[in-house]
Amino acid sequence: MELHENKTIKERVLLIGIDTGDTTEAERSIAELERLADTAQAETVASMLQKRSEPHPATYLGEGKIEEIRTFCEENEIDLIIADDELTASQTKNLEDRTDVRVIDRTMLILDIFAMRAESSQGRLQVELAQLKYRLPRLAGLGKSLSRIGGGGKGGIATRGPGETKLETDKRHINRRIYALQTQIKEADKRRDVSGRRRSKGEVPVCALVGYTNAGKSTLMNTLCGADVYAEDKLFATLDPTVRRMSIDQIPAKDILLVDTVGFIRKLPHTLVEAFRSTLDESLGADILLHVVDCSDEEAPRHIEIVETLLGELGAAEKPLFLVLNKSDLCENGPIGFEIQKKTHENVFVVSARSGEGIEELRNAIIKHFDTEREYDLIIPYSDGSVLNVLYQKTKVISAESMEDGTHMKIRTDASFDILNRIEKYVVEAE
């Protein structure tokens with residue numbers, strides 16, 4: 001008996017979007033949408049842009065363009081239409097009614113990729129919550145998206161996650177599920193907060209790798225830490241936050257933690273930002289940000305702008321930041337926008353995570369940033385005993401001995417810590 005390998009048949013998709021005047025930006029956005037579709041295992045047959053000052057409130061595109069799309073879909077056996085903007089329920093329903101093809105938008109596509117890539121229980125909870133919150137107000141417009149779930153052996157884009165259980169048919173069920181997910185995520189956040197406090201007591205410095213998706217953050221982490229984090233030339237190859245330890249011989253008794261998490265992208269769905277807020281906060285709560293950029297991409301300056309805008313929205317604009325121009329080995333004429341970035345950023349590093357170029361310089365700069373700890377000899381009077389608890393919690397206590405005039409201590413702490421203001425009067429010798 002001959003066995004045949006089952007292969008998923010890729011959905012044939014048509015991409016649609018609007019050019020509101022900046023044609024170059026519109027073309028780049030829809031090109032990125034094609035990469036997203038490829039990540040979701042779809043086959044992009046064609047893309048169509050319509051020049052409009054703004055989306056049509058009822059149909060997204062104009063009637064003439066919709067008729068052109070309907071004919072194209074019939075002639076080319078299109079399974080799915082993906083819009084490059086977030087659609088309302090009525091826009092989705094009207095487009096489906098006029099084209100007789102299932103329609104999703106950029107946000108649903110990204111949510112689907114996240115559902116496909118999430119591996120940790122926390123990540124899966126956050127993706128499901130984002131999907132449900134996005135779908136709840138759009139139930140009336142889902143139309144063919146519900147009737148065609150999983151049909152024909154196709155890839156089923158935007159049907160992964162809660163779509164498979166058909167939760168969309170019951171608003172009350174969805175609301176209950178949203179409440180349950182929020183409760184589970186809050187509990188997980190509390191556990192992570194406890195771990196964070198434990199880490200803080202040990203004063204382990206943390207670097208967060210942030211940047212546009214596919215900038216090479218995971219590869220850079222592997223190079224800096226000698227780690228084996230999954231890295232692939234795909235959008236959102238890393239979804240769940242990953243932590244690795246970078247051993248530092250130059251700083252006594254200190255290592256540095258590197259945190260890698262989901263990359264940013266154009267038009268990042270607000271539902272995802274909200275759902276992954278706790279994950280992002282964990283990374284953005286780091287001591288320093290390594291903003292990794294693919295400097296071989298002609299859009300590198302635009303990617304930097306998008307990421308820094310999002311960092312500002314997340315409240316991380318004032319954090320110490322190293323701009324890391326990665327993939328320099330792919331730049332024949334030097335890193336794109338390098339001269340501009342040197343004028344606007346204090347710390348700029350040109351590296352190649354794959355070849356190792358510039359890695360040692362970056363590593364030394366990270367070490368230098370954290371090598372600010374000093375040892376202090378203190379005498380704490382017994383009348384000020386409450387200070388001891390602070391010192392044990394916030395500093396590394398090397399030794400402590402009760403003497404006639406108080407507790408003699410040797411501690412090690414960062415010179416920038418607010419704690420120094422509290423211990424200044426007890427210092428007898430500093431190194």
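Note that the numbering runs from 1 along the sequence shown for the chain. Computation of the quantities below employed the complete heavy-atom set of this structure, encompassing side-chain atoms and omitting hydrogens, waters and symmetry-equivalent molecules. All figures in this text were calculated on a predicted structure; none of them were measured in a lab.
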Before giving the answer on side-chain contact (heavy atoms from CB on, under 4.5 Å), spell out for S29 and R106 the whole-Å C-alpha distance, their side-chain angles and the decisive distance to 0.1 Å. CA-CA 10 Å; S29 183; R106 184 186 184 95; 3.6 Å; yes

Residues in salt bridge (charged side-chain N to carboxylate O under 4.0 Å, His left out) with [X], at least two apart?
{"X": "D294", "answer": "K327"}
{"X": "E43", "answer": "R12"}
{"X": "E308", "answer": "none"}
{"X": "E361", "answer": "none"}

What verdict does the side-chain contact (heavy atoms from CB on, under 4.5 Å) test give for D85 and D105, after you've listed the backbone C-alpha separation in whole Å, the side-chain angles of each residue and the deciding distance to 0.1 Å? CA-CA 6 Å; D85 296 286; D105 60 18; over 6 Å; no

Partners meeting ring-ring contact (aromatic ring centres under 6.0 Å, His included) with Y134 (sequence neighbours left out): none

Partners meeting ring-ring contact (aromatic ring centres under 6.0 Å, His included) with H303 (sequence neighbours left out): Y212

Suppose we screen for side-chain hydrogen bond (donor to acceptor under 3.5 Å, both in side chains). Which residues come up paired with [X], at least two apart in sequence or across chains?
{"X": "E298", "result": "none"}
{"X": "E424", "result": "none"}
{"X": "T23", "result": "D19, K51"}
{"X": "S352", "result": "D329, S355"}

So, applying side-chain contact (heavy atoms from CB on, under 4.5 Å) with T44, which one of L15, L14, L33, L36 is it? L15

Check the pair K410, E375 against side-chain contact (heavy atoms from CB on, under 4.5 Å), reporting the backbone distance first and the verdict last. CA-CA 7 Å; K410 183 184 287 291; E375 288 186 3; 3.8 Å; yes

Are more than 12 heavy atoms, taken from residues, nucleotides or ligands other than E63, located less than 6.0 Å from that residue's CD atom? yes

Under-4.0 Å salt bridge between [X] and [Y]:
{"X": "R302", "Y": "E305", "result": "yes"}
{"X": "K133", "Y": "E128", "result": "no"}
{"X": "K342", "Y": "E339", "result": "yes"}
{"X": "K65", "Y": "E68", "result": "yes"}

By side chain to side chain contact (heavy atoms under 4.5 Å, CB included), which residues pair with I379, not counting sequence neighbours? D405, H408, V428

With T20 via side chain to side chain contact (heavy atoms under 4.5 Å, CB included) - residues at least two apart: I18

Does the side chain of E357 pick up a donor-acceptor pair with the side chain of S328 at under 3.5 Å? yes

For D260 and S218, which I'm curious about, is there any donor-acceptor pair between the side chains at under 3.5 Å? yes

Checking salt bridge (charged side-chain N to carboxylate O under 4.0 Å, His left out) for the pair E25/R28: CA distance, chi angles, key distance, verdict? CA-CA 5 Å; E25 176 64 18; R28 287 175 173 173; 5.3 Å; no

Closest non-hydrogen atom pair, [X] against [Y]:
{"X": "M409", "Y": "L391", "result": "SD-CD1, 3.6 Å"}
{"X": "R266", "Y": "I306", "result": "CG-CD1, 3.5 Å"}
{"X": "A353", "Y": "I359", "result": "CA-CD1, 4.2 Å"}

